[in-house]
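Order of the sequence lines sets the chain letters (A, B, ...), proteins ahead of strands, with each chain counted from 1.
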Protein chains: 2
Amino acid sequence: MVVKILIADDDPQMVRALRVTLSARGYDIVTATNGRQAVDAAIAQHPDVYLLDLGMPELDGLEVIHALRGWTTAPILVVSGRTDAFEKVEVLDAGADDYVTKPFSMDELLARIRALTRRSPHHEPQQAVVTIGDVTIDLANRSVTRRTEGGSAAVRLTPTEWQVLEILVRNAGRLVTRQNLLVEIWGSEHVTDTGYLRLYLAQLRKKLEPNPSEPRFLLTESGMGYRFVPEGR
Amino acid sequence: MVVKILIADDDPQMVRALRVTLSARGYDIVTATNGRQAVDAAIAQHPDVYLLDLGMPELDGLEVIHALRGWTTAPILVVSGRTDAFEKVEVLDAGADDYVTKPFSMDELLARIRALTRRSPHHEPQQAVVTIGDVTIDLANRSVTRRTEGGSAAVRLTPTEWQVLEILVRNAGRLVTRQNLLVEIWGSEHVTDTGYLRLYLAQLRKKLEPNPSEPRFLLTESGMGYRFVPEGR
DNA sequence: TCGCACCGTTCGGGTTCCGTGAGGACGGGC
DNA sequence: GCCCGTCCTCACGGAACCCGAACGGTGCGA
């Protein structure tokens, strides 16, 4: 996948130099020579990285950052001629990810771009509905339904059963230690009362698993805790 | 939640200054004065941000970065006295996220730390996935999966097996002495019980290695200890 | 060639840990 | 007062796990 970079600088010579160097490295380049253009291009093109000069006409670099941060989390690298610490702080706190002062080494700039693009966060939104086999769990509505022949029936869970299930599902695929569950649900004074969990896990399995004696979704890790596996083992 | 920062610098005065300033800002501080200490502290404390000096004794800053990047994606900010572009490129490409040259403005450093922590909210557990051949090890989820024909199967590890594997993986590429492992897992009274390790290494190899009789990832250094090699020898 | 040190491997007992069922305590609704 | 759902205690059988002991293989020096 090719990385698209927006270069915004009011100095055409600088823009040209950056374009040549960066496109030679395989980046896809979009340019702008003032703040207004930069924001418009951003909306139209959705770049993966921003290379912003401060002190552009029309819209100041800081204002551009604010505008961008309203709707994108793509990395922003600010290039500026000024070296005072106050501006750096201001820019970084406005949402920029890095700040380089002119004159800069092109190799360093490239390395910093690589460092920024390396972190491409593929953050997955918290899924509210999880389906395992015949059973669907809706975390938002606090409801569980089971598909039966010719329809679906609601599964009734007690409040405590819900708490256990919810924690496990929210940590789907992850091991949840017994202590975590106990402290979360019964409080820190019951860290050692593992009997509670055995009970409720048995209940949940009875209600959710196709074959409770051979759990496919609510797995136990001996000596550690429990794990909810959406795919079924 | 409080952000934990590891400060690693061989200059005690610098460490003290940073500790005072950062802890005053509400950060939780862990310190180290050489590379070996830094990696050990990282394993024990799991900091959210790393503040590394280059040119430390025992283990160089670059080596520390390599060791850390084997298992953590937490942001690394490198502080160095040298200004040459080559070193910056080298460090950034090694996996560091930012590079600041001494002398630096404390305000700027703080702003850069804020910029880094803004990106990786630590309520999302940091991903730490290591892949070796057909097997992927997920330290955060405490899970091991093995690619098989037509899918992937979970590999079940016992708690003790996990402890051994975790220490080795977190020290990926580095030699871990037998004593280190024994003290860490079984306590200092079992420093000489090397039999334990032979047992669990055999178990791990059986479960992880393509050919357990010819280990490619879990190597033994005769007379010394063991070494986990991500690339496979 | 022998002996030794070191490492890998197997086996089985002892212990801890886990699932299950029965049943009591508590409290709210009627 | 009675019913009923929920939560918890307890005891038992079985499984998982840890660890001690012994055997085999390999490399090295005497």
Side-chain angles (χ1 to χ4, degrees), chain A residues 142 144 154-168 175-187 189-228 233, chain B residues 142 144 154-166 168 175-187 189-228:
Chain A
R142 289 205 157 215
V144 175
V155 177
R156 287 176 51 85
L157 295 187
T158 72
T160 314
E161 285 165 8
W162 245 111
Q163 287 189 71
V164 176
L165 182 64
E166 187 172 2
I167 293 177
L168 288 174
L175 179 117
V176 182
T177 63
R178 222 176 284 283
Q179 295 92 317
N180 256 331
L181 286 164
L182 287 166
V183 171
E184 191 83 20
I185 299 174
W186 285 274
E189 64 269 31
H190 292 103
V191 201
T192 52
D193 294 341
T194 61
Y196 298 178
L197 284 177
R198 295 191 306 208
L199 202 75
Y200 285 100
L201 260 295
Q203 285 293 108
L204 285 173
R205 288 206 252 247
K206 226 181 278 177
K207 292 181 177 180
L208 303 180
E209 292 276 1
N211 180 11
S213 59
E214 283 182 15
R216 289 176 52 204
F217 308 108
L218 295 166
L219 309 183
T220 130
E221 312 262 318
S222 194
M224 293 303 309
Y226 294 92
R227 184 195 306 269
F228 174 81
R233 198 164 289 238
Chain B
R142 233 191 164 99
V144 175
V155 178
R156 290 176 53 87
L157 295 187
T158 72
T160 314
E161 286 165 9
W162 248 110
Q163 287 189 72
V164 176
L165 182 64
E166 187 174 5
L168 288 174
L175 172 81
V176 182
T177 63
R178 225 176 284 282
Q179 294 90 321
N180 255 333
L181 285 164
L182 287 165
V183 170
E184 190 84 20
I185 299 174
W186 285 274
E189 64 269 32
H190 292 103
V191 201
T192 53
D193 294 341
T194 60
Y196 298 177
L197 284 177
R198 296 195 308 223
L199 204 76
Y200 285 100
L201 261 293
Q203 284 292 108
L204 284 173
R205 289 205 253 248
K206 220 181 285 177
K207 293 182 177 181
L208 303 180
E209 292 276 0
N211 180 11
S213 58
E214 285 181 14
R216 289 176 52 205
F217 308 108
L218 295 166
L219 310 182
T220 129
E221 313 265 317
S222 194
M224 295 298 306
Y226 294 92
R227 183 195 305 268
F228 173 81

Nearest listed nucleotide, side chain of [X], among [options]:
{"X": "B:Thr158", "options": "C:dC7, D:dC18, C:dC17", "value": "D:dC18"}
{"X": "A:Arg198", "options": "D:dC7, D:dC18, D:dA11", "value": "D:dA11"}
{"X": "A:Arg156", "options": "C:dC17, D:dT6, C:dC7", "value": "D:dT6"}
{"X": "A:Tyr196", "options": "D:dT9, D:dC18, D:dA16", "value": "D:dT9"}
{"X": "B:Thr220", "options": "C:dG8, C:dC18, C:dT20", "value": "C:dG8"}
{"X": "A:Thr160", "options": "D:dC7, C:dT20, D:dC8", "value": "D:dC7"}
{"X": "B:Tyr226", "options": "D:dC17, C:dT20, C:dG8", "value": "C:dG8"}

Worksheet, complete the sentence: Interatomic distance, CG@B:Leu199 vs OG1@B:Thr194, rounded to 0.5 Å, equals 11.0 Å
Whole-Å distance separating the [atom1] atom of [X] from the [atom2] atom of [N]:
{"X": "A:Leu219", "N": "D:dA15", "atom1": "CG", "atom2": "P", "result": "18 Å"}
{"X": "A:Leu218", "N": "C:dG19", "atom1": "CG", "atom2": "P", "result": "11 Å"}
{"X": "A:Leu197", "N": "C:dC18", "atom1": "CG", "atom2": "P", "result": "10 Å"}
{"X": "A:Lys206", "N": "D:dT6", "atom1": "NZ", "atom2": "P", "result": "13 Å"}
{"X": "B:Glu221", "N": "D:dT26", "atom1": "CD", "atom2": "P", "result": "20 Å"}
{"X": "A:Leu201", "N": "C:dG19", "atom1": "CG", "atom2": "P", "result": "6 Å"}
{"X": "B:Asp193", "N": "D:dC18", "atom1": "CG", "atom2": "C1'", "result": "13 Å"}
{"X": "A:Trp186", "N": "D:dT6", "atom1": "CH2", "atom2": "P", "result": "15 Å"}

[X] near the nucleic acid: base, sugar-phosphate alone, or nothing, with a heavy-atom cut-off under 4.0 Å?
{"X": "A:Thr194", "result": "nothing"}
{"X": "B:Leu199", "result": "base"}
{"X": "B:Gly223", "result": "sugar-phosphate"}

Worksheet item: Is the backbone N or O of A:Arg227 less than 3.5 Å from a side-chain atom of A:Glu221, with the two atoms forming a donor-acceptor pair by type?
Response: no
Worksheet item: Is the backbone N or O of B:Thr158 less than 3.5 Å from a side-chain atom of B:Glu161, with the two atoms forming a donor-acceptor pair by type?
Response: yes
Practice prompt. Check whether any side-chain N or O of A:Tyr200 sits under 4.0 Å from OP1 or OP2 of D:dC8, and answer yes or no.
Written response: yes
Discussion item. Atom CD of residue position B:Gln203 - does it have more than 12 heavy atoms of other residues, nucleotides or ligands inside 6.0 Å?
Written reply: yes
Worksheet entry | Validation row: A:Leu197, A:Trp186 side chains within 4.5 angstrom (heavy atoms) | yes
